[in-house]
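Working notes, beginning with the structure itself.
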Amino acid sequence: MSQRFYSTKSPEIFVDVKEAVLRSLPSDNGLYMPEHLEELPAEFWENWREMSFSEMGFHIARQIFRDSVPEEELRRIVKETLSFEVPVVKATANAHVLELFHGPTLAFKDFGARFMARLMCYLTRNDEGLLTVLVATSGDTGGAVASAFHNVEGTRVIILYPKGKVSGLQEKQLTTLGGNITALEIEGTFDDCQRMVKSAFLDREMSERLNLTSANSINISRLVPQSFYYFEAARQFENAPVFVIPSGNFGNLTAGLLAEKMGLKVKHFVAATNANDVVPAYLESGKYEPRESVATISNAMDVGAPSNFARMENLFGGTWEGMISRIRGYAFSDELTRATIGRVMLDTGYMLEPHGAVGWLAAEAWREEEGNRQDETILLETAHPSKFLDVMEEELGEGTIEIPERLACLADREKVAIQMKPDEATFHRWLQSLA
Ligand SMILES: *Cc1c(COP(=O)(O)O)cnc(C)c1O
């Protein structure tokens with residue numbers, strides 16, 4: 001059986017894998033979801049704890065893509081995606097940290113980007129013309145996507161990032177690769193970047209002429225490998241754990257929900273945000289009120305209108321009651337986040353970066369609630385501390401953060417970026433000129 005995908009806005013219309021992955025955004029502005037999303041078969045659960053990570057990932061990916069991608073191709077794509085370790089570290093008796101930052105760009109977005117780049121290459125192997133990947137980033141997405149596609153034949157990548165709102169080394173990751181990677185420095189917010197990218201896709205003529213495709217967390221193929229590590233972490237525990245997810249666009253959390261749909265036993269999901277607390281506020285009140293984002297020290301989560309919210313709603317049949325039965329939300333200020341970095345270092349010796357510190361606070365808040373004290377929490381640590389050097393050194397002191405070589409070597413490279421106003425028409429004209 002092959003897999004098909006529908007839009008959250010038109011559940012009765014289906015497209016194939018190639019269209020869902022390359023189009024990224026359906027023309028009705030909804031989000032693609034797989035038609036078939038069922039529990040993994042009994043044979044999988046008989047030996048899932050013994051399989052290699054890559055073999056387990058293959059079975060999970062297979063459950064989503066079915067016969068739409070040949071087995072041997074899918075196995076290779078998964079194997080090449082998972083080329084680095086994903087350890088679970090015990091920080092205190094009940095607080096565990098799933099380290100997702102051991103990939104080439106030191107952030108969890110390497111999983112999605114590496115998988116997507118390889119899948120897109122497979123799906124376009126017989127096509128003519130360049131594939132143009134458009135991506136808006138508030139920090140890590142762009143770096144991960146640039147690295148995943150760099151020098152991949154038949155592709156070019158255009159990255160939009162908000163001027164002055166990504167860290168120095170993050171900017172270097174976006175602007176120093178050259179070759180088939182172009183960076184646009186937008187004089188606006190991340191939401192502006194995201195709006196500009198969306199508008200390009202909604203221009204059907206241009207979208208087709210340039211073979212536009214997206215690499216944001218709206219792309220369904222990015223979510224699939226992100227569900228692998230929920231299985232990887234959970235299988236190291238006897239009882240179903242609580243997953244704590246520092247969230248911005250809620251792709252990571254949605255991937256966890258997909259894992260649960262595929263049969264993974266999860267006690268509860270905890271969504272952790274900074275001051276951009278649209279989802280925790282919704283879980284509290286039942287009212288969804290997206291708004292402008294505000295800048296925080298955990299800048300990869302500065303999102304005022306989370307792009308995966310429609311998928312989360314869809315997975316719960318559109319009901320608030322459904323969502324609150326599985327997800328609990330907490331939001332924290334920069335002040336508390338900063339204090340937590342120092343406190344956790346002192347108490348446990350574990351070094352959290354700002355996004356992880358927001359998650360740590362949420363894990364603590366969860367365990368402090370009635371009846372949760374014994375719960376094992378697994379915090380998804382989404383990036384390496386060295387990516388947020390300024391904040392880290394302010395909290396822990398200068399010279400305390402070791403920068404891994406693959407990031408350190410970027411410091412001396414020259415930034416190359418095109419400046420642009422946060423204006424859709426300007427962006428469209430620039431794209432047209434690419435031909
Ligand atoms: C992207 C990112 C997040 C937010 O992930 P979402 O899937 O958008 O919720 C959190 N932390 C870091 C470091 C990130 O790069």
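For ligands, and for the atoms within them, numbers begin at 1 and follow the listed sequence.
- Inclusion of H355 in the set of residues having an N or O under 3.5 Å from an N or O of ligand 1 is not warranted.
- Residue N249 approaches ligand 1 through these ligand atoms, each under 4.0 Å from one of its heavy atoms: 6 (P), 8 (O), 9 (O).
- The main-chain N or O of M51 is found under 3.5 Å from a side-chain atom of R235 such that the two form a donor-acceptor pair.
- For F84 and F53, the distance between ring centers is not under 6.0 angstrom.
- Against a heavy-atom cut-off of under 4.0 Å, M301 is close to the following atoms of ligand 1: 10 (C).
- In summary, the atoms of ligand 1 found under 4.0 Å from a heavy atom of N252, numbered by their order in the structure, are 7 (O).
- Where the criterion is an N or O separation shorter than 3.5 Å, residue side chain and backbone included, S247 fails it with respect to ligand 1.
- Looking at ligand 1, you won't find any N or O of Q226 less than 3.5 Å from one of its N or O atoms.
- For the 3.5 Å distance criterion, the side chains of T189 and D192 qualify, holding a donor opposite an acceptor.
- Checked against a 3.5 angstrom limit, the closest N/O atoms of K109 and ligand 1 fall inside it.
- Because its NZ or CZ atom is both nearer than 6.0 Å to the ring centre of F58 and within 45° of the ring axis, R75 counts as a cation-pi partner of that residue.
- In this structure, F101 has no heavy atom closer than 4.0 Å to ligand 1.
- In terms of polar-atom proximity, defined here as any N/O pair under 3.5 Å, F250 does make such a contact with ligand 1.
- For ligand 1, the atoms lying closer than 4.0 Å to a non-hydrogen atom of G251 are 6 (P), 7 (O), 9 (O).
- Close approach of ligand 1 to A383 (heavy-atom distance below 4.0 Å) involves ligand atoms 13 (C).
- Taking a 4.0 Å cut-off on heavy atoms, A107 fails to register as neighbouring ligand 1.
- Checked by atom type and distance alone, the side chain of T340 pairs as donor or acceptor with a backbone atom of L336 at under 3.5 Å.
- Annotation: G248 places an N or O atom under 3.5 Å from an N or O atom of ligand 1; distance criterion only.
- Defined by atom type and a distance below 3.5 Å, a donor-acceptor pair is present between the side-chain atoms of Y330 and R328.
- Within the structure, side chain to side chain donor-acceptor pair (under 3.5 Å) pairs that include any residue of residues 174-183 comprise T155-N180 (at least two apart or interchain).
- The shortest N/O to N/O separation between F388 and ligand 1 does not fall below 3.5 Å.
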* Working for side-chain contact (heavy atoms from CB on, under 4.5 Å), residues V266 and Y230 -> CA-CA 9 Å; V266 175; Y230 285 89; 5.7 Å; no
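- Looking at D302 and N274, their side chains do bring a donor and an acceptor atom within 3.5 Å of each other.
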